[in-house]
Amino acid sequence: MENRKKRIFSGIQPSGDLTLGSYLGAIKNWSAMQEEFECVYCIVDLHAITVRQDPEVLKRRTIEQLAQYIACGLDPEKNILFIQSHVPEHAELSWILGCYTQFGELSRMTQFKQKSQQHADNITAGLFTYPVLMAADILLYNTDCVPVGEDQKQHVELCRDIAVRFNGIYGDVFRIPEPFIPKMGARVMGLKNPLNKMSKSEPEGCVFLLDPPEVIAKKFKRAVTDSDMEIRFDPENKPGVSNLLSIYCAITGKTPQEAEAEFAGQGYGTLKTAVGECVVNKLTPIREETEKLLADRAHLEEIYRMGAKRAREIASETLKTVHEKLGFAAR
Ligand code: TYM
């Protein structure tokens, strides 16, 4: 395989506005990787339609998501930023890999089980085969490392299994990717219900990247803690307080012990205000930069077209190799 910098691939669905969870679990780490690695970041619109989307809203969120990627520090020259449906190789490799994936493997995916409960009236084949498309995303770019939050680890592991199986039959076709899960922020919990992952489906306990400062402060003030009075990092027994401390640590780079020492003897009110403030300080410049970028749509369109062109150069090479290995007639 070619001699090059290690390659990173990751993506986020434009199925909702970006949240503090997707920022701390994924994007924040992406921008830290852009100097050392060759990075490819995608807006996975094909994944988003596994549940019903309003076409106008999907279009708006897709462009807003690109603006937020850039506002979070992803330089469109250094990184390849693109929209999944603009590179048709993703859908094509997904079909092929689906023929090397077991029904049983897909049935065991936690996210499928959860989402099929949430969307019981619309359990589509797309929802079921979703992780195969994700494997195609990753394998098309001969990815070394996939920075994601904890909830996506199982999908990256399935991707590895599919790649190993395919290589076992056809030789060394795919690079086997490693997941990268951050120490802090890999599983940001809801502020209203700290036993559930922070998610757009529970908007009251969910902080969105574009929320105004007063809304963020209010969400933190109303965060659920516990009836005890001690600020201690103990996710099992103190999920609410520990979640606030992890958010604080993920943003400030402090360890939970340092944060505990800082807040020792203080009340939950102080903790909530301090975490809210540090989140506001982090997100305000991102929101302002996003607004600036969104004022020039033509520039954003130029960026995603250039990204798709660069992505296709890599993806089409991989797909060509796959076709040859499978014995498809040359085009
Ligand atoms: P998605 O769109 O649900 O989430 C995007 C990224 O954000 C992380 N994340 C969180 N991390 C910590 N705490 C949370 N509360 C939280 N909520 C979301 C997710 O782990 C993810 O990293 N299938 C993927 C998208 C995808 C992808 C890929 C990722 C498609 N193809 C290829 C990597 C590589 C998904 O639905 O993520």
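Both ligands and their constituent atoms are indexed starting at 1 by order of listing.
In terms of protein heavy atoms, atom 13 (N) of ligand 1 is closest to Val188 N, 2.8 Å. The shortest contact between atom 22 (O) of ligand 1 and any protein heavy atom is with Gly149 N, 3.1 Å. For atom 21 (C) of ligand 1, the nearest non-hydrogen atom of the protein is Gln152 CG, 3.9 Å. The nearest protein atom to atom 5 (C) of ligand 1, hydrogens excluded, is given as Ile12 CG1, 3.5 Å; this is a heavy-atom distance. Among protein heavy atoms, the minimum distance from atom 35 (C) of ligand 1 is reached at Tyr130 OH, 3.3 Å. Counting protein heavy atoms only, atom 11 (N) of ligand 1 is closest to Gly21 O, 3.2 Å. Atom 25 (C) of ligand 1 has as its closest protein heavy atom Gly11 O, 3.4 Å. Nearest protein heavy-atom contact of atom 20 (O) of ligand 1 is Asp151 OD1, 2.4 Å.
Between Tyr141 and His90, a ring centre-to-centre spacing shorter than 6.0 Å is recorded. Tyr41 and Tyr69 have their aromatic ring centers separated by at least 6.0 angstrom.
Looking at Ala186 against ligand 1, only its backbone comes within 4.0 Å, counting heavy atoms. The part of Ala26 lying near ligand 1 is the side chain, judged by heavy-atom distances below 4.0 Å. Residue contacts with ligand 1 for Gln13 involve both N, CA, C or O and side-chain atoms from C-beta outward (heavy atoms, distance under 4.0 Å). Neither the backbone nor the side chain of Val156 comes within 4.0 Å of ligand 1, counting heavy atoms alone.
Close N/O approach between Thr19 and ligand 1 is not found [any backbone or side-chain N/O within under 3.5 Å]. Of the N or O atoms in Val44, none lie within a sub-3.5 Å distance of an N or O in ligand 1. At a 3.5 angstrom cut-off on N or O pairs, Met134 does not count as close to ligand 1. Below 3.5 Å of separation, one finds no N or O of Phe9 facing any N or O of ligand 1. Among the atoms of Asp137, some N or O lies under 3.5 angstrom from an N or O of ligand 1.
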Pair Arg310-Ile314, side-chain contact (heavy atoms from CB on, under 4.5 Å): steps then yes or no: CA-CA 7 Å; Arg310 290 165 68 195; Ile314 306 171; over 6 Å; no

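Between Phe166 and Tyr100, the ring planes lie perpendicular to each other; the angle is over 60°, past the 30° to 60° tilted range.
In this structure a side-chain-to-backbone donor-acceptor pair under 3.5 Å is missing from Lys238 to Asp228.
Look at Glu178 and Lys6 and you find no salt bridge, because none of the NZ, NE, NH1 or NH2 atoms lies under 4.0 Å from a carboxylate O.
Assignment of Leu24 to the shell around ligand 1 is not supported, since no heavy atom sits closer than 4.0 Å. Ligand 1 is never approached by Cys42 to a heavy-atom distance shorter than 4.0 Å. Every heavy atom of Tyr23 sits 4.0 Å or more from the atoms of ligand 1.
For the residue pair Leu74 and Gln34, the shortest heavy atom distance occurs at CA-OE1, 3.6 Å.
For ligand 1, the atoms closer than 4.0 angstrom to any heavy atom of Ser22 are 7 (O), 9 (N).
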